[in-house]
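Side-chain atoms are counted along with the backbone in the values below, which use heavy atoms only and exclude waters and symmetry mates.
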Amino acid sequence: LEFRRVLFRSLDDAVERQGDHPAKALALDWLEREPALPEQFSLLDIGCGPGVLAGMIQRHPTLRGRIAYTGIDQSESALQRCRAAYQGNFRFEKINLQTDRLDERFDVVTINEVVEHLPHYRDVLDLALALKPRIFVLSTFGIIPGLRRDRIRWNQQHQSYMNSYSFDRLHEYLRARSHQVWVADLGTQEFERYWFPRKALLVFYLRLEEKKIIWTGAGWAATGE
């Protein structure tokens with residue numbers, strides 16, 4: 001019981017430190033003004049952790065009354081903390097998107113600071129996009145390393161933080177899935193881990209409901225999803 005109290009206190013501290021997270025705040029601002037979303041809409045937070053985004057939604061002056069929130073994660077302790085902290089239109093489930101089936105449809109699917117830890121991050125993105133949300137939001141960061149050995153540390157064989165040179169490949173992957181991708185570069189920020197003192201923070205916002213325009217032999221043509 002004492003261990004659980006200490007663990008929850010640590011998770012509470014982590015949520016409090018990130019309570020004004022700039023990437024998540026920008027994503028919520030875009031969602032608030034998004035004309036493609038109905039007044040009441042559902043949101044799936046993949047890798048919700050201890051509930052940073054859930055807390056920001058709960059405190060939001062308008063979105064807290066509009067969003068039916070579902071958070072999924074593989075950490076039972078993080079999920080227990082979320083269930084204790086957030087009631088009402090918040091739901092938290094232990095689901096691994098790579099092994100568990102998720103039959104629900106969501107208006108918005110979001111992944112926040114998860115893919116940079118995954119060497120095969122495209123597998124997770126493919127599964128998220130297969131849920132066919134109206135809007136997909138991805139926030140991620142890339143390390144800006146000072147040493148050459150760290151600049152080449154990201155690879156497909158080993159789990160590692162994504163470095164800033166990986167963003168072009170990620171952007172190209174996302175552009176192929178929607179003709180409208182908004183990208184916000186929030187610039188360089190100090191990073192709490194001394195071996196990587198700086199990071200670049202980005203937000204990718206995709207509208208997936210609109211038709212894509214592709215080039216055919218007969219000219220430009222619209223194609224539905």
Side-chain angles (χ1 to χ4, degrees), residues 1-34 37-118 124 127-128 131 133-141 186 189-193 199 201 203-205:
L1 185 59
E2 179 61 26
F3 172 78
R4 182 178 176 182
R5 280 198 294 266
V6 172
L7 177 60
F8 274 28
R9 195 179 309 123
S10 174
L11 294 175
D12 288 343
D13 290 344
V15 172
E16 185 175 350
R17 285 198 309 271
Q18 300 185 56
D20 58 350
H21 194 286
K24 297 178 179 66
L26 177 60
L28 292 179
D29 181 53
W30 281 346
L31 290 175
E32 182 184 23
R33 295 181 286 120
E34 175 55 64
L37 291 173
E39 179 59 27
Q40 305 291 321
F41 62 92
S42 58
L43 182 147
L44 175 67
D45 186 8
I46 298 173
C48 64
V52 175
L53 183 63
M56 295 178 72
I57 290 172
Q58 187 181 60
R59 296 188 301 273
H60 198 281
T62 59
L63 289 179
R64 63 188 177 194
R66 296 181 58 194
I67 293 178
Y69 173 98
T70 300
I72 64 174
D73 205 280
Q74 297 181 58
S75 169
E76 187 58 44
S77 58
L79 292 171
Q80 288 177 7
R81 187 267 168 196
C82 288
R83 292 176 187 130
Y86 308 114
Q87 284 78 43
N89 216 8
F90 291 88
R91 179 167 59 109
F92 300 92
E93 304 287 347
K94 188 174 184 178
I95 292 177
N96 181 345
L97 204 60
Q98 294 180 283
T99 58
D100 300 323
R101 185 179 178 87
L102 194 58
D103 294 323
E104 294 179 63
R105 292 290 302 273
F106 297 90
D107 295 307
V108 178
V109 171
T110 180
I111 304 179
N112 298 295
E113 297 195 12
V114 172
V115 300
E116 62 272 8
H117 303 281
L118 306 175
V124 174
L127 292 168
L131 297 173
R134 300 185 189 200
I135 305 296
F136 177 67
V137 182
L138 173 71
S139 69
T140 184
F141 65 85
L186 300 180
Q189 299 185 343
E190 295 302 312
F191 194 36
E192 62 187 10
R193 296 176 186 168
K199 67 178 181 180
L201 190 61
V203 181
F204 298 88
Y205 185 97

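Counting heavy atoms from C-beta outward, Arg134 and Pro38 have side chains that approach closer than 4.5 Å. Residues Glu104 and Leu131 are not in side-chain contact: their nearest non-hydrogen atoms beyond the backbone lie 4.5 Å or more apart. The shortest side-chain heavy-atom distance between Thr140 and Phe204 falls under the 4.5 Å cut-off. Leu63 has its side chain out of reach of Leu43: every pair of non-hydrogen atoms, C-beta onward, lies at least 4.5 Å apart. Within the 4.5 Å cutoff, the side chain of His60 has heavy atoms near those of the Glu32 side chain. Put simply, the side chain of Val114 does not reach to within 4.5 Å of the side chain of Val124, judged on heavy atoms. Here the side chains of Asp107 and Ser42 are in contact, with some heavy-atom distance below 4.5 Å.
Distance check: Lys94 NZ to Gln80 CD gives 9.0 Å after rounding to the nearest 0.5 Å. Taking OG1 of Thr62 as the start and CD of Glu39 as the end, the distance is 8.5 Å to the nearest 0.5 Å. How far CD1 of Ile95 is from CG of Leu44: 8.0 Å, rounded to the nearest 0.5 Å. Atom CG of Leu31 is separated from atom NZ of Lys24 by 13.5 Å, given to the nearest 0.5 angstrom. Rounding to the nearest 0.5 Å gives a distance of 6.0 Å between CD1 of Ile111 and CG of Leu138. The OG1 atom of Thr70 sits 10.5 Å away from the CZ atom of Phe90 when rounded to the nearest 0.5 Å.
Side-chain atoms of Asp29 never come within 3.5 Å of backbone atoms of Ala25 as a donor-acceptor pair (strictly under, hydrogens ignored). Side-chain N or O atoms of Ser139 include none that pairs as donor or acceptor with a backbone N or O of Val203 at under 3.5 Å. Of the possible donor and acceptor atoms, one in the side chain of Asp73 sits under 3.5 Å from a partner among the backbone N and O of Cys48. No donor-acceptor distance shorter than 3.5 angstrom exists from the side chain of Arg59 to the backbone of Arg64, with no hydrogens or angles considered. In this structure, Asn89 contributes its side chain and Ile67 its backbone to a donor-acceptor pair below 3.5 Å.
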Could you walk me through whether Asn112 and Leu53 pass the side chain to side chain contact (heavy atoms under 4.5 Å, CB included) test, one step at a time? CA-CA 9 Å; Asn112 298 295; Leu53 183 63; 3.6 Å; yes
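Side-chain polar atoms of Arg91 and Tyr86 form no donor-acceptor pair below 3.5 angstrom.
Note: Tyr205 and Trp30 have perpendicular aromatic rings, judged against thresholds of 30 and 60 degrees for the angle between ring planes.
For the pair Pro133 and Ala128, the tightest heavy-atom approach, listed with the atom from each and the gap, is CD-O, 4.0 Å. Smallest separation of non-hydrogen atoms from Ala27 and Val137: CB-CG1, 3.7 Å.
Under the 6.0 Å cut-off for aromatic ring centres, Phe106 and Phe41 do not qualify, their centroids lying 6.0 Å or more apart.
Taking Glu76 as the reference, Arg83 meet the side chain to side chain donor-acceptor pair (under 3.5 Å) condition, with sequence neighbours excluded.
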